[in-house]
There are 2 protein chains.
Amino acid sequence: MRNGKIKAPAPVIRRLSNYHHLLLGLRQRQVQSVSSTTLAEILEYKPIQVRKDLQLAGLVGRPRTGFRIDEMEEAISRFMGWSLDCQAVLFGVGNLGSALLNYPWREEYGLRFIAAFESEEERSNILINNIPVHHISHFPTFAEEHPIDIGVIAVPAEGAQAVAEIMVENGIRGIWNFSHTHLKITGNATIENALFTQSLAVLTRRLVESRTQNSGTSI
Amino acid sequence: MRNGKIKAPAPVIRRLSNYHHLLLGLRQRQVQSVSSTTLAEILEYKPIQVRKDLQLAGLVGRPRTGFRIDEMEEAISRFMGWSLDCQAVLFGVGNLGSALLNYPWREEYGLRFIAAFESEEERSNILINNIPVHHISHFPTFAEEHPIDIGVIAVPAEGAQAVAEIMVENGIRGIWNFSHTHLKITGNATIENALFTQSLAVLTRRLVESRTQNSGTSI
DNA sequence: TAGATTGTTAATCGATTAACAATC
DNA sequence: TAGATTGTTAATCGATTAACAATC
């Protein structure tokens with residue numbers, strides 16, 4: 001295991017993805033370089049933290065000018081695995097699934113949906129954003145014929161565990177779970193849960209905290 | 001500021017929301033109590049961590065039996081502010097917005113969407129899951145007439161900053177942002193970003209890390 | 001050059017984990 | 001009672017921050 005392949009802390013990964021997204025805007029404005037001070041100001045981090053983060057992605061800055069935008073883009077993409085073309089499938093073409101299929105992941109993250117799968121016949125055999133939606137029964141055959149890096153779960157909670165299992169059985173190693181379930185996986189797949197509810201919890205708790213600082217009466 | 005109103009670390013908040021969701025399933029199976037050991041096993045945490053988390057929410061367990069399900073439900077809900085009825089509005093009724101409006105937030109999180117707002121006329125003046133969708137121009141009047149705790153942003157990135165601003169101008173103190181933008185807010189609003197891309201970054205990075213542990217050749 | 005910014009090394013902070021007496 | 005589990009107190013671990021010489 002060499003440089004850049006160590007297990008990076010999740011908070012650093014999240015911040016790096018923020019820097020990366022900022023770069024798009026900066027580049028449009030023809031900016032060549034940006035300092036850790038400036039990045040920190042925009043994102044409300046500390047400059048030293050920005051430098052430490054970028055260092056982990058293998059970046060080297062220049063005294064006085066900071067970091068080159070194109071180098072940052074390149075280094076973060078490489079660090080995240082976004083430089084390699086990554087093929088994904090999605091299960092569950094409801095509103096959320098459709099939203100995900102319509103998002104331009106490829107441009108910024110190198111993620112390409114090559115197919116989607118649905119349990120309901122009425123929603124199968126259509127195209128969403130030019131991505132074919134098949135009936136779920138066609139999945140094993142499809143998986144044999146195409147290399148799939150990531151499987152996205154956008155089905156209701158009840159179906160999620162079953163979907164995760166057929167994904168793993170058919171060789172998918174990365175699962176991005178948008179359903180509200182704790183998945184139990186046997187084998188060496190990586191699961192990432194995009195739990196809206198965790199995010200909501202942080203928001204409502206912060207509101208509780210701020211409320212009680214003003215109105216003195218508490219429990 | 002008293003017990004339970006201190007600023008809780010975000011990781012603890014996220015785990016607490018996980019415990020809370022687990023309880024629903026346990027209660028259906030008529031379980032009365034659960035130990036930190038069992039919770040830890042299910043969620044792949046450490047028992048001591050579970051106890052520390054629950055302690056922060058003000059819970060007291062019993063030696064030998066663990067924590068009562070109903071007490072946990074109650075304590076976590078109170079801690080998160082989910083016991084109070086919380087009124088929300090949503091901006092942007094695309095696929096993602098519709099998905100959010102259709103989710104039963106109220107049952108588990110006490111969150112109730114009282115209206116949604118749209119900039120496109122064609123998608124206004126309809127009902128989604130019984131929630132009225134108004135044209136965005138009606139928002140200021142609406143906000144004067146109804147108390148709103150949380151504003152959800154589900155519009156495309158370009159429009160997000162403007163939406164955040166009219167929310168804050170009209171008295172909303174909590175913003176749940178699903179758009180891919182870094183919002184700049186003046187004043188004392190709380191913003192929580194539900195950034196899918198951060199989650200994707202963690203997943204793809206973990207895949208990069210696991211890949212290179214097998215195949216020895218690296219950069 | 002002067003001055004802003006970097007990378008390095010050390011210090012601090014906070015969160016997680018360990019150990020164990022107390023409890024039912 | 002015996003034994004599982006709690007809550008407390010202390011130790012460890014890791015991430016963030018500070019200080020500052022090196023650099024362009």
Side-chain angles (χ1 to χ4, degrees), chain A residues 3-4 6-19 22-23 26 31-72 75-76 79 198 201-202 205-206 209, chain B residues 1 3-4 6-19 22 26 31-72 75-76 79 198 201-202 205-206 209:
Chain A
N3 176 28
I6 34 92
K7 177 159 183 183
V12 178
I13 298 175
R14 293 200 199 94
R15 287 194 299 267
L16 280 169
S17 85
N18 287 356
Y19 306 140
L22 263 188
L23 300 183
L26 292 173
V31 184
Q32 301 280 324
S33 294
V34 66
S35 70
S36 61
T37 324
T38 308
L39 282 174
E41 208 167 303
I42 299 172
L43 292 169
E44 291 159 272
Y45 302 153
K46 297 269 163 72
I48 179 65
Q49 190 173 46
V50 174
R51 269 177 279 151
K52 275 275 151 83
D53 290 344
L54 296 177
Q55 196 165 42
L56 193 75
L59 279 157
V60 177
R62 299 167 197 209
R64 219 170 134 76
T65 52
F67 297 82
R68 281 192 60 93
I69 303 287
D70 51 2
E71 282 178 20
M72 286 180 68
I76 298 177
F79 184 82
Q198 289 189 353
V202 174
R205 173 62 197 178
R206 294 286 172 250
E209 286 162 0
Chain B
M1 229 169 21
N3 175 29
I6 34 93
K7 177 158 183 181
V12 178
I13 298 176
R14 293 198 198 96
R15 288 194 298 267
L16 280 169
S17 85
N18 287 356
Y19 306 141
L22 262 188
L26 292 172
V31 183
Q32 301 281 324
S33 295
V34 66
S35 70
S36 62
T37 325
T38 308
L39 282 174
E41 208 168 300
I42 298 170
L43 291 169
E44 292 160 273
Y45 301 153
K46 297 269 162 71
I48 179 66
Q49 190 172 45
V50 174
R51 268 177 279 150
K52 277 278 153 83
D53 290 344
L54 296 178
Q55 198 164 42
L56 194 75
L59 279 157
V60 177
R62 298 165 199 213
R64 221 172 131 76
T65 52
F67 297 81
R68 281 191 59 92
I69 304 288
D70 50 3
E71 283 177 19
M72 285 178 69
I76 297 176
F79 184 82
Q198 288 189 352
V202 174
R205 174 61 196 178
R206 295 287 172 249
E209 286 162 0

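Throughout, a chain's letter reflects where its sequence line sits, starting with A, and its residues are numbered from 1.
Look at T65(B) and you won't find any side-chain N or O under 4.0 angstrom from OP1 or OP2 of dA4(D). Using a 4.0 Å cut-off, some side-chain N or O of Q49(A) falls inside it from OP1 or OP2 of dT17(D).
The two residues Y19(A) and I76(A) make their nearest non-hydrogen contact at CB-CD1, 4.0 Å. Of all heavy-atom pairs spanning F79(B) and A57(B), the tightest one is CD1-CA, 3.8 Å.
Of the candidate nucleotides dG7(C), dT16(C), dG7(D), dG7(C) has the atom lying nearest to any side-chain atom of R51(A). If you check dT6(C), dT16(C), dA18(C) against the side chain of R15(B), the one that comes closest is dT16(C). Set against dT6(D), dA15(C), dG3(D), the side chain of T37(B) has dT6(D) as its closest nucleotide. Of the candidates dG7(C), dT5(C), dT5(D), dT5(D) carries the atom nearest the P63(B) side chain, counting heavy atoms from C-beta on. Comparing atom distances between the Q55(B) side chain and each of dT16(D), dT8(D), dG3(C) picks out dT8(D) as nearest. Distances were taken from every side-chain heavy atom of S35(B) (C-beta onward) to each of dT6(C), dC24(C), dT6(D); the shortest belongs to dT6(D). Of the listed nucleotides (dT16(C), dT16(D), dG7(D)), dT16(C) has the atom at the smallest distance from the side chain of V12(B).
With a cut-off of 3.5 Å on both Watson-Crick or G-U wobble distances, the partner of dG3(C) is given as dC24(D). Pair assignment for dA10(C) gives dT17(D), based on Watson-Crick or G-U wobble hydrogen-bonding distances that are each under 3.5 Å.
Note on E71(B) versus R62(B): salt bridge recorded, some NZ/NE/NH1/NH2 to OD/OE distance being below 4.0 Å.
The CG atom of L59(B) sits 17 Å away from the C1' atom of dT8(D) (whole-angstrom rounding). Spacing between atom CZ of R62(B) and atom P of dT6(D) amounts to 12 Å, rounded to whole angstrom units. In this entry the distance linking CG of L56(B) with P of dG14(C) reads 15 Å, nearest Å. Rounded to whole Å, the distance from CZ on R68(A) to P on dT6(C) is 15 Å. In this structure, the CG atom of L39(A) is 14 Å from the C1' atom of dT6(C), given to the nearest Å. When the P atom of dC24(C) is taken as reference, atom CZ of R64(B) falls 13 Å away, rounded to whole Å. One interatomic measurement links the two molecules: CZ of R14(A) to P of dA15(D), which rounds to 12 Å at whole-angstrom precision. I13(A) places its CD1 atom 16 Å from the P atom of dG14(D), with the value rounded to the nearest Å.
Between the side chains of S33(A) and R68(A), not a single donor N or O lies within less than 3.5 Å of an accepting N or O.
Residue order along DNA chain D, read from the 5' end via each residue's closest nucleotide, puts F67(B) first among P11(A) and F67(B).
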task = Dump the intermediate steps for side chain to side chain donor-acceptor pair (under 3.5 Å) on D53(A) and Y45(A), then the final yes or no.
result = CA-CA 11 Å; D53(A) 290 344; Y45(A) 302 153; over 6 Å; no
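The base of dT17(C) sits within donor-acceptor range of the side chain of K52(B), with an N or O pair under 3.5 Å.
Side-chain contact between I42(B) and T38(B) is present, with at least one heavy-atom pair separated by less than 4.5 Å.
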